[in-house]
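In what follows, a structure is listed as structure tokens, so that the remarks can point back to it.
When a residue number appears, it is its place in the shown sequence, counting from 1.
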Amino acid sequence: MDLPAAYAQLSPVPVVITISAAIAPGAFFPQIVPLSALPPTARAVLLMRADAPLEDRVAALLLAGCATEAWTLLDRERVRAPGRIDLLLADWSERERARLDLPPAKSDVILGLGAERLDAAAGALADTRELLTPLWANPVGRWSGPLVIVAGDAFTIDLPTVEGVLARPALPAIRLTATTLTREDTAAAIAELLLARQRPPAAGWPRWLRSGVAGVARAKTRGDGPSPRAMQELRVAAGAAALTELLNGDRDDAPLATAVCALLTHARRRAHLPTFLDALRNGSSAAGALQLAYGLTPELLLTER
């Protein structure tokens, strides 16, 4: 269904949308049509109007089978009634779970790779949630309901992912390969999913940021922190020039990216991470965002731990 085209045909009609009805001019008196009496497609088309309540628009889009449009709308608009939105998404999640014949969620995870993987997946989710707490709480990137994890051909479902990630606000999903079923790989994939949910700029998040956050998630899951001292030593060994190249996107160095992100996600500093992402989202350079959010420069990355 092409909702924009359908709305373009309808838009010249001066329809007034209330909480429960559509009111259009008639020959002798206004025509009042309850929204609940309209077919799902017609209701979704009417509620594309910007003056319609966001929650009603999302509900109508989901009922009409336009989940992608609903996710786009949710990511673009400010949610004024998160409780009602959560109920809508929970209802959709349950219907989608049944449609895909997914097992029930356990520990906030739906597994498509066998019950023996549940503890590792749930542990990876808990590790990443602790590491990136400010992003989990950020209204920009929050999601509702469980996370779907599928692997290789072990569980084939109609669940397309982009680069292994389906970053929607309900039933978000990661797809792992048969060789990446470790707790470390799962944590890294969850970290990348969470970043993808944070309304990235048009060009996407910088490569070093995605690589570094995933690297820190791996290290946390391994139990080595990562070590602030070891990460500082790595940054010092690289030098300020290499750090500048990394921030500018001119250097592909996963260990160094991890060393930088270890500083940004440390317990003392991670509260600044949403501000850093917001600066990047609004066009700041990585160095500018680093200075704005953390008060750090490439030179200070050598001395801070």
Side-chain angles (χ1 to χ4, degrees), residues 124 127-128 131-132 135 141 161-167 174-222 224-266 269-270 272-274 276-294 296-305:
D127 288 341
T128 313
L131 175 70
L132 300 173
L135 301 189
T161 57
V162 178
E163 296 183 354
V165 166
L166 186 60
I174 57 175
R175 185 180 292 278
L176 305 173
T177 67
T179 58
T180 58
L181 298 182
T182 66
R183 180 164 169 167
E184 287 182 37
D185 290 321
T186 304
I190 294 172
E192 293 202 48
L193 168 67
L194 188 57
L195 266 183
R197 280 288 309 136
Q198 301 300 307
R199 198 184 297 165
W205 297 120
R207 178 177 54 186
W208 69 265
L209 179 63
R210 300 193 337 259
S211 172
V213 168
V216 175
R218 289 179 185 277
K220 180 170 180 57
T221 298
R222 284 196 304 267
D224 58 20
S227 163
R229 174 175 292 181
M231 295 296 97
Q232 183 191 19
E233 290 174 352
L234 203 159
R235 295 192 299 271
V236 170
L243 288 167
T244 299
E245 289 179 2
L246 182 81
L247 295 176
N248 290 339
D250 300 327
R251 185 185 183 96
D252 186 11
D253 189 330
L256 186 58
T258 298
V260 172
C261 288
L263 192 66
L264 305 188
T265 58
H266 189 278
R269 296 184 177 88
R270 63 178 60 137
H272 301 293
L273 190 54
F276 177 72
L277 297 184
D278 192 51
L280 291 177
R281 189 183 299 117
N282 287 287
S284 292
S285 66
L290 193 66
Q291 175 74 49
L292 175 67
Y294 291 93
L296 294 173
T297 63
E299 290 74 22
L300 286 174
L301 290 176
L302 305 177
T303 59
E304 295 293 317
R305 182 180 297 176

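- Panel note: side chain Q232, backbone L302; a donor-acceptor pair is recorded below 3.5 Å.
- Looking at M231 and H266, their side chains never come closer than 4.5 Å, going by heavy atoms from C-beta outward.
- Under the salt bridge (Lys or Arg N to Asp or Glu O under 4.0 Å) criterion, R218 pairs with D185, sequence neighbours left out.
- Atoms CG and CZ, from L132 and R270 in turn, are 7.5 Å apart once rounded to the nearest 0.5 Å.
- The distance from atom CG of L194 to atom CG of L135, rounded to the nearest 0.5 Å, is 5.0 Å.
- With sequence neighbours excluded, the residues forming a salt bridge (Lys or Arg N to Asp or Glu O under 4.0 Å) with D224 are R222, listed by chain and number.
- In this structure, the separation between CG on N248 and OG on S285 is 7.5 Å, given to the nearest 0.5 Å.
- In this structure, the side chains of V216 and P226 come closer than 4.5 Å at one or more pairs of heavy atoms.
- For the pair T258 and S211, the tightest heavy-atom approach, listed with the atom from each and the gap, is OG1-O, 4.1 Å.
- Across all their heavy atoms, A214 and A191 have their closest contact at CA-CB, 4.4 Å.
- With V260 as the partner, the side chain to side chain contact (heavy atoms under 4.5 Å, CB included) test is satisfied by one option alone out of V213, L243, L234: L243.
- The structure places OG1 of T303 at 8.5 Å from CG of L296, a figure rounded to the nearest 0.5 Å.
- Here CG of L273 is found 7.5 Å from CG of L195. Values are rounded to the nearest 0.5 Å.
- Heavy-atom minimum distance, A240 versus E299: CB-OE2, 4.1 Å.
- Residues Y294 and L300 form no side-chain contact, since every pair of their non-hydrogen atoms from C-beta on lies 4.5 Å or further apart.
- Residues L280 and L209 have side chains in contact (heavy-atom distance under 4.5 Å, counting atoms from C-beta outward).
- Of all heavy-atom pairs spanning R305 and P228, the tightest one is CG-CB, 3.4 Å.
- Closest approach of L292 to A279, counting heavy atoms only: CD2-CB, 3.8 Å.
- Using a distance-only test at 3.5 Å, with no hydrogens or angles considered, a donor-acceptor pair links the side chain of N282 to the main chain of D278.
- In this structure a side-chain-to-backbone donor-acceptor pair under 3.5 Å is present from R235 to A259.
- Side-chain atoms of I190 and D127, non-hydrogen and from C-beta on, never get closer than 4.5 Å to each other.
- With a 4.5 Å cut-off on side-chain heavy atoms, W205 and L277 count as touching.
- C261 has its side chain within reach of W208: a pair of non-hydrogen atoms, C-beta onward, lies under 4.5 Å apart.
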Carefully, step by step, assess L264 and R269 under the rule side-chain contact (heavy atoms from CB on, under 4.5 Å).
CA-CA 6 Å; L264 305 188; R269 296 184 177 88; 5.9 Å; no

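- With values rounded to the nearest 0.5 angstrom, L166 atom CG is found 11.0 Å from I174 atom CD1.
- Heavy-atom minimum distance, V165 versus A196: CG1-CB, 4.2 Å.
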